[in-house]
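Quick one: the structure is below, questions incoming.
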Amino acid sequence: MATAPPSRHAPAAARGVAMAAALGAMVAALESYRGRDRAVRALCYGCQLAGGALSGPQSPAEGLPGSLLALSAQLSSCRTVLRLLDDLAMLSHSRDYGLGPKDEDALVRVLSVLRNVADQLYYPCEHIAWAADSGVICGRSQRWWAASTALWGLSLFLGILRSLRVLVQLRRKLKQQKRAPPSPQSQQKIRAQVKAEVLNIISNLADLSNAVHWMPPGFLWAGRFPLWLVGLLGTISSLIGIYQASGRGSSGAA
C-alpha cells in the first residue's frame, strides 16, 4: 500500500507553531516585571553601545548617536525609578534565605549572606541619591551614588567568589564520580551547573568592570572607559541574563 507523500505545508506549519510559541514566551516575559527589566536593560546598554561606537571622539554626540545615547539615559532613569519598589522584594529574598541551607557549603552560605546584605543596603543608598537629584530632598547626591555603586560592585565581587567556590565543589564531585560509574542524569546536572556558574562569572565580571568605571575618579580605572565599552560590557551581561532566564542557560541548575 503506497504511503502518502509528506505535506509541503508541514514545515511551514511547524515554523508557524514555533514562531507563535516564541512570541508567546516573549509576551509572557515582557508582562512580568523582571522580564521587562531585562529587556529594558539590554536595550539601554545596546543603545549606549551603538551611540558610543557611532559618535567616536565627538563630544557631545549629535544626530543619531546623540539620540541613541539620550534614549539610553532615559531607559536607565526608568530602571532607577522602578527600583524604588524593589526593597521589599529584596528583603523577602534575604529573609527566605536566612543563613542558608544547612546542607550547603559554609563558605557559599557566608558569601551569599554577605551579598544579600550588600544588595539590601544598595537600594536605600540609590533611592536617596535619586531623591536628591530629583529635588525630592535637599542635599548632594554624589556620595550616595558612590555608596550605591560601591555596594553594587561589592555584591558582584561576592557573587564571583561564590561562583568560583561552587565550581571548585563541582570539580570535586566530578573527580568522585570518576571512581564510580556516574548516571547520565547526574553528569548532565553537573554540566548544567558548571555552565550556569561560568556564565554568572562572565556576567558579574562585565558588570563589575562598569561598576569600577562609575566610581569616583582615582579609583582603579574609574572614568576611563569609552561609552561604547560600557555599552558592550552591559550588553554582554544583559544578554547572559536573558539567556539564563529563558531556561536554556541554566537548565537544571539552581
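The first residue in the sequence is number 1, and the count goes up from there.
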Open item on the list: If the condition is side-chain hydrogen bond (donor to acceptor under 3.5 Å, both in side chains), which residues does R41 pass it with, not counting sequence neighbours?
Closed with: D207, S237, S238
- [ ] Please step through side chain to side chain contact (heavy atoms under 4.5 Å, CB included) for the pair Q244 and N200, ending with a clear verdict.
- [x] CA-CA 9 Å; Q244 290 182 313; N200 284 338; 3.2 Å; yes
TODO: State the SG-CZ distance between C78 and R83, to the nearest 0.5 angstrom.
DONE: 10.0 Å
TODO: Give a yes-or-no answer on whether the side chains of D87 and Q120 include a donor-acceptor pair shorter than 3.5 Å.
DONE: no
TODO: Please examine the side chains of N116 and M90, heavy atoms only from C-beta on, and report whether any two atoms are closer than 4.5 Å.
DONE: yes
TODO: Decide whether V40 and L232 are clustered together by the hydrophobic rule: side chain heavy atoms of Ile, Leu, Val, Met, Phe, Trp, Tyr closer than 4.5 Å, transitively.
DONE: no
Open item on the list: With a 4.5 Å cut-off on side-chain heavy atoms, are L151 and C125 touching?
Closed with: yes
Task: Closest heavy-atom pair and its distance - T149, A211 - done: CG2-O, 3.2 Å
Task: Cluster link V168 to L107, ILVMFWY, side chain under 4.5 Å - done: no
Open item on the list: Could you measure the distance from the CD1 atom of I202 to the CG atom of L205? Nearest 0.5 Å is fine.
Closed with: 8.0 Å
Open item on the list: Please determine whether residues V166 and L199 belong to a single hydrophobic cluster, defined as Ile, Leu, Val, Met, Phe, Trp and Tyr linked transitively by side-chain heavy-atom distances below 4.5 Å.
Closed with: yes
Task: Pairs satisfying salt bridge (Lys or Arg N to Asp or Glu O under 4.0 Å), at least one member in residues 229-246, at least two apart - done: none
Task: Exam field: side chain S92 to backbone L88, donor-acceptor pair closer than 3.5 Å - done: no
TODO: Might you confirm whether atom CZ of F157 has over 12 heavy atoms from other residues, nucleotides or ligands at distances under 6.0 Å?
DONE: no
TODO: Treat each ILVMFWY residue as a node, draw an edge where side-chain heavy atoms are under 4.5 Å apart, and state whether W144 and V136 are in one component.
DONE: yes
Open item on the list: For a quick test of reading the model, state the closest non-hydrogen atom pair linking A118 to L154 and the distance between them.
Closed with: CB-CD2, 4.2 Å
- [ ] Say whether, by atom type as modelled, one donor and one acceptor occur between the side chain of R38 and the main chain of I242 under 3.5 angstrom.
- [x] no
Task: Co-members of the apolar cluster containing L82 [side chain, <4.5 Å] - done: Y33
TODO: Please determine if E104 and R165 form a salt bridge, counting it only when a charged side-chain N lies under 4.0 Å from a carboxylate O.
DONE: no
Open item on the list: Quick one, M215 and L220 - any side-chain contact, counting heavy atoms below 4.5 Å?
Closed with: no
Task: Spacing of S155 atom OG and N204 atom CG [to the nearest 0.5 Å] - done: 7.5 Å
- [ ] State the CD-CG distance between Q48 and L233, to the nearest 0.5 angstrom.
- [x] 10.0 Å
TODO: Please name the pair of heavy atoms, one in L54 and one in P65, separated by the smallest distance, quoted to 0.1 Å.
DONE: CB-CG, 3.6 Å
Open item on the list: With a 4.0 Å cut-off on N to O distance, would you call D86 and R79 a salt bridge?
Closed with: no
TODO: If you link ILVMFWY side chains whenever their heavy atoms are less than 4.5 Å apart, which other residues fall into the same cluster as L227? By chain and number, please.
DONE: L69
Open item on the list: Could you report the tightest heavy-atom contact between W228 and G52, atom names first, then the distance?
Closed with: CB-C, 3.8 Å
Task: Pairwise ring pair (Phe, Tyr, Trp, His ring centres under 6.0 Å) hits with a residue in residues 188-216, at least two apart - done: H213-F225
- [ ] Examine distances only and state if a side-chain atom of S163 and a backbone atom of I160 form a donor-acceptor pair shorter than 3.5 Å.
- [x] no
Open item on the list: Could you check whether any side-chain N or O of R109 sits under 3.5 Å from a backbone N or O of L99, counting only pairs where one atom can act as donor and the other as acceptor?
Closed with: yes
Task: Rounded distance (nearest 0.5 Å) linking atom CG of L68 with atom CG of L49 - done: 10.0 Å
Task: Min side-chain heavy-atom separation E197-L164 under 4.5 Å - done: no
- [ ] Might you point out which heavy atoms bring G35 and L30 nearest each other, and give the distance in Å?
- [x] O-CD2, 4.4 Å
Task: Donor-acceptor pair between E126 and S148 side chains, under 3.5 angstrom - done: no
TODO: Heavy atoms only: give me the nearest S141-A132 pair and the separation to one decimal.
DONE: CB-CB, 3.8 Å
Open item on the list: With a 4.5 Å cut-off on side-chain heavy-atom distances among I, L, V, M, F, W and Y, is there a chain of contacts connecting W152 to L121?
Closed with: yes
Task: Gap between atom CG of D37 and atom OG of S32 - 0.5 Å precision - done: 9.5 Å
Open item on the list: Per the ring pair (Phe, Tyr, Trp, His ring centres under 6.0 Å) rule, what does the pair list look like for residues 70-121, sequence neighbours excluded?
Closed with: none
